[in-house]
Student: 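Below is the structure I would like to discuss, written out as structure tokens.
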Amino acid sequence: KDHQIPVIKAEFPRPWQSSHPVTLNMELWQHLAVAERDLLFLRTISWVMLANLLKPNGYQLLAGAGLAGGVLELIKGDAVGLLAAGGVTALAGWQLWRGVNGPSTEMAADDRAVQVAQRRGYSQPDAANALIRAIEAVPALEGRRVPTQTELMRCQNLRTQTRLMEFSSVPTGSPPR
């Protein structure tokens with residue numbers, strides 16, 4: 001059980017790879033309803049598409065500058081400068097990694113999956129609710145007692161969006177007399 005494959009798993013997409021395989025544990029996958037499977041699969045594909053280290057941002061610039069500074073300080077033989085440049089590079093790299101693997105990317109993947117599901121015929125509330133049910137079912141299927149903090153945040157985000165969508169779909173106008 002320690003080496004059990006998760007319900008669905010995608011390796012972190014590396015830019016130099018042309019394909020990004022998704023692994024399903026068919027034994028556990030069958031325990032999910034069809035809508036839950038659809039949304040969980042769409043969400044995983046959305047995450048693979050969104051998790052991109054090559055998206056330009058300030059941390060990439062900082063990491064590049066730190067790396068260039070580190071090489072320069074190595075050539076000069078300045079240990080303190082090399083340490084400072086290495087620290088800047090490490091900090092920028094850590095921030096890049098957090099940005100790609102953090103909750104904001106996870107929630108963006110959830111949003112994208114719901115949008116794609118809507119194009120496939122699901123309503124927004126049905127798609128969001130199916131994804132919520134799937135996120136809540138996965139920990140139990142994988143033998144975990146409780147969902148992770150990120151999974152809880154994702155569910156809360158989807159619930160909030162569903163409530164906002166339901167609220168905005170209420171017709172406005174004069175109340176009946």
Side-chain angles (χ1 to χ4, degrees), residues 1-64 67 89-162 165:
K1 272 220 164 177
D2 293 316
H3 301 289
Q4 180 178 329
I5 299 171
V7 174
I8 187 167
K9 179 183 178 188
E11 294 294 328
F12 184 81
R14 289 163 181 83
W16 56 87
Q17 293 177 327
S18 59
S19 66
H20 308 290
V22 174
T23 307
L24 299 174
N25 183 333
M26 293 307 284
E27 184 180 320
L28 300 178
W29 188 252
Q30 297 301 321
H31 291 284
L32 297 171
V34 174
E36 294 168 5
R37 285 187 236 163
D38 282 350
L39 268 295
L40 199 54
F41 188 77
L42 288 173
R43 186 251 167 234
T44 302
I45 298 303
S46 296
W47 176 80
V48 167
M49 293 172 65
L50 287 171
N52 184 358
L53 281 174
L54 298 181
K55 279 189 275 189
N57 64 30
Y59 288 116
Q60 284 180 328
L61 182 63
L62 194 59
L67 194 59
T89 304
L91 181 64
W94 181 61
Q95 288 294 336
L96 279 169
W97 186 253
R98 275 189 52 211
V100 171
N101 283 329
S104 60
T105 304
E106 300 280 341
M107 289 187 277
D110 292 342
D111 296 342
R112 173 87 46 96
V114 169
Q115 290 170 359
V116 173
Q118 285 178 286
R119 290 194 301 252
R120 295 183 65 193
Y122 287 90
S123 69
Q124 194 278 343
D126 289 344
N129 287 326
L131 186 53
I132 290 168
R133 287 191 307 273
I135 293 169
E136 290 173 341
V138 165
L141 291 172
E142 293 178 349
R144 294 185 281 140
R145 292 184 197 185
V146 294
T148 64
Q149 181 179 1
T150 302
E151 288 168 337
L152 292 171
M153 288 171 55
R154 290 170 53 207
C155 288
Q156 185 62 38
N157 182 53
L158 287 165
R159 282 188 184 99
T160 301
Q161 288 181 2
T162 303
M165 207 52 174

Student: Could you work out, with side chain to side chain donor-acceptor pair (under 3.5 Å) as the rule, every residue matching Arg133, not counting sequence neighbours?
Tutor: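 With neighbours one apart ignored, the set is Glu36.
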Student: Take atom CD of Gln30 as the centre, draw a 6.0 Å sphere, and report whether it contains more than 12 heavy atoms from other residues, nucleotides or ligands.
Tutor: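 More than 12 heavy atoms, drawn from other residues, nucleotides or ligands, come within 6.0 Å of this atom.
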Student: Checking Val146 now: which residues fulfil side-chain contact (heavy atoms from CB on, under 4.5 Å) with it, not counting sequence neighbours?
Tutor: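 Counting only residues at least two positions away or on another chain, Val146 forms no side-chain contact (heavy atoms from CB on, under 4.5 Å).
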Student: How would you list, by chain and number, every residue that makes a side-chain contact (heavy atoms from CB on, under 4.5 Å) with Arg120, sequence neighbours excluded?
Tutor: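 Result, side-chain contact (heavy atoms from CB on, under 4.5 Å) vs Arg120: Leu42, Val116.
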Student: Just how far is it from atom CD1 of Ile45 to atom CG of Leu50, taken to the nearest 0.5 Å?
Tutor: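 It comes to 11.5 Å.
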Student: Taking side-chain contact (heavy atoms from CB on, under 4.5 Å) as the definition, give me every residue that meets it alongside Ala137, ordered by chain and number, with sequence neighbours left out.
Tutor: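 Result, side-chain contact (heavy atoms from CB on, under 4.5 Å) vs Ala137: Leu32.
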Student: Rounded to the nearest 0.5 Å, how far does CD1 of Ile135 lie from CG of Leu131?
Tutor: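 Between Leu131 CG and Ile135 CD1, I get 4.0 Å after rounding to 0.5 Å.
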Student: Any salt bridge (Lys or Arg N to Asp or Glu O under 4.0 Å) pairs touching residues 17-35, not counting sequence neighbours?
Tutor: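 Qualifying pairs: none.
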Student: With sequence neighbours left out, write down each residue that passes side chain to side chain donor-acceptor pair (under 3.5 Å) with Gln156, or none if nothing qualifies.
Tutor: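 Scan of Gln156 (side chain to side chain donor-acceptor pair (under 3.5 Å), adjacent residues dropped) gives none.
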Student: Run the salt bridge (charged side-chain N to carboxylate O under 4.0 Å, His left out) test against Glu136 and tell me which residues pass, sequence neighbours left out.
Tutor: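 Once residues adjacent in sequence are excluded, the partners of Glu136 under the salt bridge (charged side-chain N to carboxylate O under 4.0 Å, His left out) criterion are Arg159.
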Student: Could you work out, with side chain to side chain donor-acceptor pair (under 3.5 Å) as the rule, every residue matching Arg154, not counting sequence neighbours?
Tutor: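 Testing Arg154 for side chain to side chain donor-acceptor pair (under 3.5 Å), a comparison that skips the adjacent residues, returns Asp110.
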Student: State which residues pass side-chain contact (heavy atoms from CB on, under 4.5 Å) with Ala35; sequence neighbours excluded, sorted by chain then number.
Tutor: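 Checked Ala35 against side-chain contact (heavy atoms from CB on, under 4.5 Å); matches are Tyr122, Ala130.
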Student: Inspect the surroundings of CZ in Arg37 and state if more than 12 heavy atoms from other residues, nucleotides or ligands are less than 6.0 Å away.
Tutor: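 Result for CZ/Arg37: enclosed.
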Student: Can you name the side chain to side chain donor-acceptor pair (under 3.5 Å) partners of Asn157, sequence neighbours left out?
Tutor: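 Side chain to side chain donor-acceptor pair (under 3.5 Å) check on Asn157 returns nothing, list empty.
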